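So the structure is just underneath, and the comments pick up after that.
Indexing begins at 1, ligand by ligand and atom by atom, following the structure's order. Every value quoted in this text rests on a predicted model; they were computed, and no experiment measured them.
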Amino acid sequence: MKVLTATQKPFSKLAVDGIRAIIEKNGHTFASLEKYTAETELLAAIADADALIVRSDKVTRDVIAAAPQLKIVVRAGAGFDNLDLPACTERGIVAMNTPGQNSNAVAVLAIGLMIYISRNQFTPGTGSELKGKTLGIQAYGNVGRLVASLAKGFGMKIMAFDPFVPAGTMEKDGVDVAASLEDLYSSSDFVTLHIPANDQTKGSIGYDLISKMPKGACLVNTARKEVIDEPGLIKALTEREDLKYVTDIAPAAAEEMAEKFGKRFFATPKKQGAETAEANVNAGLAAASQICDYFANGCTKFQLNK
Ligand code: 3PG
């Protein structure tokens, strides 16, 4: 079988070598398309592929249509909003992600962004510390749990809200369970987002929630740009000169926001939550193994479109 790795934002060399080794050890053929800039390049490369590994690369209906032999696509990472799942299902293509494999890198970045914004983006002036502050974690999944455990080391008080996780799970970790999303926002000096981008969450974080945050609070986004209602965020930051926003996914109005909100706003130049050699290796090798397991014994453990 031919396994194509298509990554606009390439994996580290170590990860690519590891992926290739797993594919070839299992008797398959490895192919790679890195740093491509147009979908047409992917359409050409995928024409004879049986399996596909991607990162945030968009696997659209057109991509699926251009791959008559495709049997499995694995998103090496957590968020799968870049995969057209109905298009995969219609063609009988198995779609998977690699949950948890890059979570540590994202969790560490969330903490790093909190420190960076609290210390005036490392420019002169008096900053503040994380110790004693309340951290609200929106969604207590793989990343949320790691953020909780790291934040405890900084002496933060942790709260979480996740309608899909039993309260007992959070309590066992020493995390206070917020009664509602509104409660989380109104009680937290920092709110960190770890929700997926889907029909329920897109545009769900806006003025009403953000303006409930206490004085000097900061919203931290290492999830997806789409979950933010940008006009609502801008309105809240404009009305409240104490609020801050720090994000790993530049908003559409990033330039305007940087100018308007100064040190209260920061966006990384390019999404880098999972940009560590370790996360690349974890997610890339897991993707390669999942494909080989699927071809060898039909394992569909991480299938998203069951
Ligand atoms: C994920 O959903 O796993 C992260 O956002 C990482 O995305 P990336 O592979 O594009 O860095």
Q. Among protein heavy atoms, which lies nearest atom 1 (C) of ligand 1, and at what distance?
A. R75 NH2, 3.3 Å
Q.
Same cluster or not: I111 versus V106, using hydrophobic residues (I, L, V, M, F, W, Y) connected whenever any side-chain heavy atoms lie under 4.5 Å apart?
A. yes
Q. Got a salt bridge between D57 and R55, using NZ or NE/NH1/NH2 to carboxylate O under 4.0 Å?
A. no
Q: Have a look at A274, P99, S56, A279 and point out the one with the heavy atom closest to atom 10 (O) of ligand 1.
A: S56
Q: Provide, to 0.1 Å, the distance between atom 11 (O) of ligand 1 and the closest protein heavy atom, together with that atom's residue and name.
A: K9 NZ, 2.8 Å
Q. Are a donor atom and an acceptor atom from the side chains of N82 and S56 found within less than 3.5 Å of each other?
A. no
(Q) If the cut-off is 4.0 Å to any non-hydrogen atom of G79, which atoms of ligand 1 fall inside it? (A) 1 (C), 2 (O), 3 (O)
Q: Mind telling me whether Y116 and F122 have parallel, tilted or perpendicular rings, with 30° and 60° as the class edges?
A: perpendicular
**Q.** F11 and T5, any side-chain heavy atoms less than 4.5 Å apart
**A.** yes
Q | D173 vs R145, salt bridge (charged side-chain N to carboxylate O under 4.0 Å, His left out): CA-CA, chis, key distance, verdict | A | CA-CA 9 Å; D173 292 350; R145 284 164 216 230; 5.4 Å; no
Q | ligand 1 N/O within reach of E275 N/O, cut-off under 3.5 Å | A | no
Q. What protein heavy atom sits nearest atom 5 (O) of ligand 1, and how far off is it?
A. K271 NZ, 2.7 Å
Q | Part of N102 with heavy atoms under 4.0 Å of ligand 1, whether side chain, backbone, both or neither | A | side chain
Q. Which atoms form the tightest heavy-atom contact between A279 and A274, and what is the distance?
A. CB-O, 3.4 Å
Q) How does R224 reach ligand 1, if at all, at less than 4.0 Å between non-hydrogen atoms: by side chain, backbone, both, or neither? A) side chain
Q. Any nitrogen or oxygen of G77, main chain or side chain, under 3.5 Å from a nitrogen or oxygen of ligand 1?
A. no
Q: Could you tell me whether some N/O pair between A78 and ligand 1 is separated by less than 3.5 angstrom?
A: yes
